[in-house]
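The sequence lines fix the lettering, A, B, ..., with proteins before strands; numbering per chain opens at 1. Please read all numbers here as calculations on a predicted model, not as lab measurements.
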Amino acid sequence: MVTAYDREFLTGTVGVLILSLLTERAMYAYEMLQEAERRSAGAFHLKEGTLYPALHHMERAGLLKAAWRESDAGRPRKYYSLTAKGRRQAESKRRQWKSILSAMRAILGDAGA
Amino acid sequence: MREHDDVAAFIERIVADAGIADDGRREDLRRELRAHFEDAGGSPEAVREAMRRFGAEGRIAASLRDVHRADPLVASPTWTTWLGGVFQDLRFGARMLRRSPGFSVVAILSLTLGIGATTAVVGWIEGILLRPFPLVAAQDRLVAIAGTNRGAPGSDDVSWPDFLDLRRRSTLFDAFIAEKITGTTLSIGDRAERVPGSVVSANYFDALGVHPILGRGFEPGEDAGRNAHPVAVISYQTWMERFHGDPGVVGKSQMLNGLPHTIVGVAPEGFNGTFVGYAFQFWVPASMQPQHLDAGEYKLEDRGARWIEGFARLLPGVTIQQAQAEISAIADRLEGEYPATNRGRGIRLFPLWQTPFNNAGALLPTLAVALAVVVCVLLIACANVSNLLLVRAFARQHEMTVRLAIGAGRRRLVRQLLTEGIILSAIAAAGGLLLAEWGRNALALLTPPRGGVSLSLPAAFDWRVVAMSAGLCLVSTLLFGLVPAVTASGVDLTGALRAHSGGIGGARGRFGVRSSLVLVQVSLSFVLLVGAALLVQSLQGVRSASPGFSTARVLTTGINLFTAGYDSQRARHFEDELIDRVRSIGGVESAAFARLTPFTYRNYSSAPIAVDGYNAPPDRQPTASYNEIGPGYLATMGIPLVSGREFTRDDDESAPPVAVVDETMAKEFWRGADPIDKRLQVRGRWMRVVGVARAAKYRNLLETPAPFFYVPLGQSFSSQVALLVRTAQSPASFAAPLVREIHAIDGNVAPSEIITMREQVRRTTASQRIAVTILGAFGGVALVLAAIGLYGVMSSTVSQSRRELAVRMALGAGARDLVRLILSQGLMLTGLGLAIGAAAALALTRLMGYLLYNVSARDPLAFGSAFTVTVLACLAACGLPAWRAMRTDPLPALRS
């Protein structure tokens with residue numbers, strides 16, 4: 001299990017992570033943290049100190065919109081979802097990542113995949 | 001419950017520091033964070049874990065601020081939102097500084113010291129050199145007036161008739177003011193005190209723009225006629241202390257120098273007169289000169305008697321060069337009109353800060369050195385704080401990276417770091433002003449009293465000095481704040497921070513910002529230490545230098561029979577009786593009178609002379625200073641006779657005039673021939689030379705030799721004399737018997753301060769001692785700051801290289817190898833700093849020439865001792881990190 005990444009490396013991926021998570025459904029911040037950790041099998045310890053400013057920044061940039069509504073547990077939570085602009089951005093980022101990944105695979109070989 | 005409170009406070013700090021202007025959005029953030037902690041679970045452990053995962057609240061708040069600052073509403077703010085933003089920035093900055101108190105305290109103390117010392121010295125320069133006279137109008141147009149003698153160094157005074165002619169004939173001046181410092185004994189309450197006063201021209205108060213708060217200044221004409229106008233203006237302090245602020249004081253009588261004077265006015269509070277170093281307590285018009293100066297000799301009509309120290313105010317727009325040209329032309333005309341008294345005479349104007357006749361000129365080199373020293377200390381302090389900020393920037397690297405990643409502009413981060421810098425330096429500037437205020441009178445404390453009067457040399461903290469202090473704060477913020485701010489906000493932060501070390505072992509040739517700062521510190525503190533070492537040696541040289549007379553067992557005091565109301569007949573009897581009584585005291589080897597003793601502030605008489613067989617160049621008037629001395633003076637002072645004899649009691653008014661010349665004079669005017677029995681003319685009167693005395697120092701230890709001669713007191717009587725006593729044992733026990741003998745003749749005659757000649761000589765070395773104290777103290781402070789800087793660099797190098805050190809240990813390197821590795825890197829920095837410092841010191845110490853006595857500015861001992869002290873301090877600074885490295889446990893370090 002990978003336990004630590006270079007900080008700079010991870011920081012550059014926060015935006016992509018958020019856009020990807022929200023492509024499927026609207027989520028609130030805590031939920032996103034849990035989900036990212038679960039999906040990466042604990043590899044990504046996304047920091048709260050990084051996530052909240054990033055969410056607010058993307059909301060300002062018009063990529064996300066936020067609304068308060070009740071969670072499954074019946075408590076009010078601030079749900080973030082993609083705007084149309086966010087959707088386009090998510091798609092574009094996904095394509096970029098895929099092309100980077102295949103290029104990296106080619107360079108690193110199977111061991112790096 | 002406590003966790004709940006902690007969380008609430010935690011959230012509130014983030015919300016407050018996030019700086020969101022809109023109330024709705026603030027509440028939204030609060031709700032969102034509360035929800036987060038609800039989800040994280042309610043147990044104390046869960047809460048603690050959630051808070052830990054959030055990291056420092058300052059970091060997230062700073063990032064949120066960056067986001068919300070991008071809001072167009074806030075980006076083009078009204079002035080209230082802008083002000084709110086600035087306030088938020090300051091609050092946030094203050095909180096960040098509170099979080100690392102150790103850093104903040106060291107940084108603030110360093111800067112306080114730097115700014116405080118600089119402010120104090122600039123305050124002294126302002127209060128002593130640039131605007132030395134409180135309440136006096138337009139001081140920037142005031143110039144000092146002094147006389148010169150062609151071919152002779154330095155300057156002297158101006159005669160009253162010359163002064164009146166300058167005033168009448170010049171066109172480029174607003175006003176001319178004449179003054180001469182004098183003193184009297186005033187009894188205030190139950191104590192008697194020697195107080196300074198001044199004999200001034202009648203226009204004094206009007207021309208200075210100083211208006212008495214009671215009564216008047218002097219009226220035109222009150223400065224003419226021998227002792228014709230016994231009136232006085234008293235100082236505010238004298239009015240309060242002696243007259244208890246009596247509103248009816250004008251018209252009352254006050255005894256000054258043995259004569260009742262009518263008080264005509266009270267000077268305003270804060271006006272000290274126009275003599276740097278003294279706060280005058282009374283002023284009398286020039287007509288009272290015979291009563292206050294030179295024991296009765298009337299000089300207002302004598303063009304050859306030069307006693308005035310004057311000032312003039314230039315008309316607006318006139319430069320000192322234009323004024324000098326006009327004054328020189330007038331002096332030339334006076335020389336042509338009055339060749340007997342004015343041959344070779346000139347008049348020179350000086351800017352106030354170069355005034356030759358008060359303490360301004362004497363303190364100028366000391367203050368110049370002090371200014372250079374404090375600027376060095378300030379630079380060292382700035383370098384130190386810069387270094388500390390860089391270390392801190394490294395610790396905040398994550399915060400900076402995240403903020404850059406979410407779109408905070410580099411300018412935004414620089415602004416944040418600069419705000420923190422401004423807070424640091426603003427606190428330091430306030431502290432510095434307090435420190436400077438506290439040290440306001442330090443200069444006067446370091447300067448010994450003269451003639452029993454304490455000197456007053458206060459710093460002036462007017463708006464200019466405060467503005468300078470604020471400017472320093474701003475510049476130092478930019479200087480020390482901008483480098484780390486720009487470095488820290490750069491994308492390649494890690495690179496910038498690591499560049500200085502490149503690891504302990506490798507890339508030794510690469511220097512980062514921090515190493516450069518340490519180099520600045522080490523080299524500057526080395527320069528200061530060399531300066532201090534040179535001055536210490538110089539002071540020792542001055543102290544051990546021979547003045548040409550004995551100092552150890554000679555006691556001196558002053559007796560003023562003129563102010564005690566004696567006429568010259570009675571005064572002669574008193575002096576004759578006293579000298580016999582003193583000589584008969586057990587343990588007294590010899591005793592003598594003189595008009596002046598060497599090394600006092602008072603001026604020797606100076607006169608144009610002529611010598612048989614000596615032809616001076618036609619445009620020069622040979623001049624020499626002289627002292628009037630009684631029988632036995634040379635023996636008492638321990639000044640050897642080279643040939644001929646001393647004066648005796650027979651050399652009185654009925655005997656032919658005689659003189660004793662010193663070796664310098666003999667050499668200059670008789671050119672190797674024996675002057676005994678040759679003739680010397682002084683003020684038109686021929687005298688026979690009866691002796692040649694060994695040349696001595698007459699005014700201070702650093703003076704250049706100039707012709708000097710002695711005439712007998714018996715032929716040039718003075719009722720204001722100095723008594724000199726040479727004793728067989730320690731002179732301290734002779735003070736009481738001296739006073740007893742004086743009182744045995746007349747209980748009303750009070751001698752002035754009784755001191756040894758050694759003390760008198762020591763007092764003239766005040767400027768050297770002040771310079772040594774300032775340089776020594778600040779050199780030490782600078783070294784401590786430099787050591788802190790070096791320690792910081794070495795210590796963080798060791799922290800960042802733990803892994804590398806551990807690998808080396810794992811590969812078999814011993815503790816000793818590691819210590820050597822670290823020390824060698826520290827010493828390499830020290831060595832480079834010393835090399836730069838030595839080059840700078842060689843260039844800079846030459847500027848101290850005036851303060852150096854018998855010491856070369858390249859003295860190897862001074863350089864050697866400064867080198868040793870610096871190396872020792874640097875070894876100590878590297879020692880602790882090296883010790884820490886030695887104790888590194890390789891296993892955990894490798895695992896991390």
How many angstroms lie between [atom1] in [X] and [atom2] in [Y], if you round to the nearest 0.5 Å?
X	Y	atom1	atom2	answer
Glu38(B)	Arg75(A)	CD	CZ	5.0 Å
Leu33(B)	Lys78(A)	CG	NZ	9.5 Å
Asp28(B)	His56(A)	CG	NE2	7.0 Å
Glu32(B)	Tyr52(A)	CD	OH	5.0 Å

(request) Please look at Leu51(A) and chain B and tell me whether the side chain, the backbone, both or neither of the residue comes under 4.5 angstrom of a heavy atom of that chain. (result)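 Looking at Leu51(A), nothing touches chain B.
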(message) With a 4.5 angstrom heavy-atom cut-off, is it the side chain or the backbone of Arg31(B) that approaches chain A, or both, or neither?
(response)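 For Arg31(B), the contact with chain A is made by backbone and side chain together.
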(request) Against chain A, label Ala18(B) side chain, backbone, both or neither, depending on which of its atoms sit under 4.5 Å from a heavy atom there. (result)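 Neither part.
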(message) Going by side-chain hydrogen bond (donor to acceptor under 3.5 Å, both in side chains), name the residues that satisfy it together with Asp39(B), two or more places apart in sequence or in a different chain.
(response)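 Expected list: Arg77(A).
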(request) Please name all residues satisfying side-chain hydrogen bond (donor to acceptor under 3.5 Å, both in side chains) with Glu91(A), sequence neighbours left out, ordered by chain then number. (result)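 Glu91(A): no side-chain hydrogen bond (donor to acceptor under 3.5 Å, both in side chains) contacts found.
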(request) Indicate the atoms forming the closest heavy-atom contact of Ala35(B) with Pro76(A), along with that distance. (result)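 Result for this residue pair: CB-O, 4.5 Å.
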